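What follows is a short report on a single structure.
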Amino acid sequence: MRYKNILAALSIAAALPLAIHNAYSSEEAKHNDATAEAMHHDDDEANPNPNAPKMHHDDDGYPNAPKMTEAEFAKGSKIFFQRCAGCHGVLRKGATGKPLTPNLTIDKGTEYLKTFIGYGSPGGMPNFGSSGTLTEAEVDLMARYVQQMPVTPPEMSMKDMEATWKVIVPVKDRPTRKMNKLD
């Protein structure tokens, strides 16, 4: 019974970053790349995606965080949930990767963070810039993004989470006894 509980918890933990990303980006996916790029460059235009994560502002206690538009913040959130949340955690408090909360990242500075994101580290941080995974502009965006307050992920009920699951092997068809010959 204990193993089933652990397996269920691990399944939920593994699905959470994807569910959060999907919640944030479902509406954004409907826009084409040209529209998204135009939104990225127009600092005065409000973000038309009502489901996009909203950034916290200076009254949150981090007035030294670099400035970002709502559209830049939304794009940074999308990239973070696609590329970074698996290691650094949904709230950026750390997991297998180190914490990326503003109390730590602001002191590092944008240039340091750009180098770290762009070239990675021997400790396991991928080289997102030099590998071509992120453009130079996206590396800059992410260096500024991790200096902002993390967004609060949307809450999902167990029913909502289960609705996102894809059952590959129905429960009735799953093994109930040891199937390998390893001892």
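Quick caveat, the model's predicted, so the values are computed rather than measured.
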Between [X] and [Y], is any pair of side-chain heavy atoms under 4.5 Å apart?
X      : Y      : result
Asn180 : Lys178 : yes
Tyr145 : Ile79  : no
Thr110 : Asp140 : yes
Gln147 : Pro66  : yes
Tyr62  : Gln148 : no
Pro126 : Ser121 : no
Tyr119 : Val139 : no
Arg92  : Thr105 : no

State the [atom1]-[atom2] distance between [X] and [Y], to the nearest 0.5 angstrom.
X     : Y      : atom1 : atom2 : result
Ser77 : Gln82  : OG    : CD    : 11.0 Å
Arg83 : Thr133 : CZ    : OG1   : 5.5 Å
Cys87 : Leu100 : SG    : CG    : 10.0 Å

Where [X] and [Y] come nearest, the two heavy atoms and their spacing:
X      : Y      : result
Ile168 : Pro170 : O-CD, 3.8 Å
Pro99  : Leu104 : CB-CD1, 3.8 Å
Ala85  : Phe81  : CB-CD2, 3.9 Å
Ala95  : Gly89  : CB-N, 4.3 Å

Audit row: Glu72, Lys75, salt bridge (Lys or Arg N to Asp or Glu O under 4.0 Å) steps and yes/no = CA-CA 5 Å; Glu72 287 176 321; Lys75 185 174 181 177; over 6 Å; no
Please assess Tyr112 against Asp107 for the test side-chain contact (heavy atoms from CB on, under 4.5 Å), listing each intermediate value before the final yes or no.
-> CA-CA 10 Å; Tyr112 171 87; Asp107 290 341; over 6 Å; no
Lys108 and Val146: side-chain contact (heavy atoms from CB on, under 4.5 Å), yes or no, with the steps?
-> CA-CA 11 Å; Lys108 299 288 185 193; Val146 297; over 6 Å; no
For Thr135, does its backbone N or O pair with a side-chain atom of Glu138 as donor and acceptor, under 3.5 Å?
->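 Yes; at least one donor-acceptor contact below 3.5 Å.
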Within the side chain of His88, is there an N or O that forms a donor-acceptor pair under 3.5 Å with the backbone of Lys98?
->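 Yes; judged by distance alone, with no hydrogens or angles, the pair exists.
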Is it true that Glu111 and Lys114 have a side-chain N and a carboxylate O under 4.0 angstrom from each other?
->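 Yes.
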Do Met156 and Leu91 belong together in a cluster built from hydrophobic side chains that touch within less than 4.5 Å?
->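 Unlinked, Met156 and Leu91 end up in two clusters.
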Can you get from Met68 to Met142 by hopping between Ile, Leu, Val, Met, Phe, Trp and Tyr side chains that sit under 4.5 Å apart?
->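 In one cluster: yes.
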Arg144 NZ/CZ over Phe73 ring centroid, <6.0 Å and within 45° of normal |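 Cation-pi check for Arg144 and Phe73: fails.
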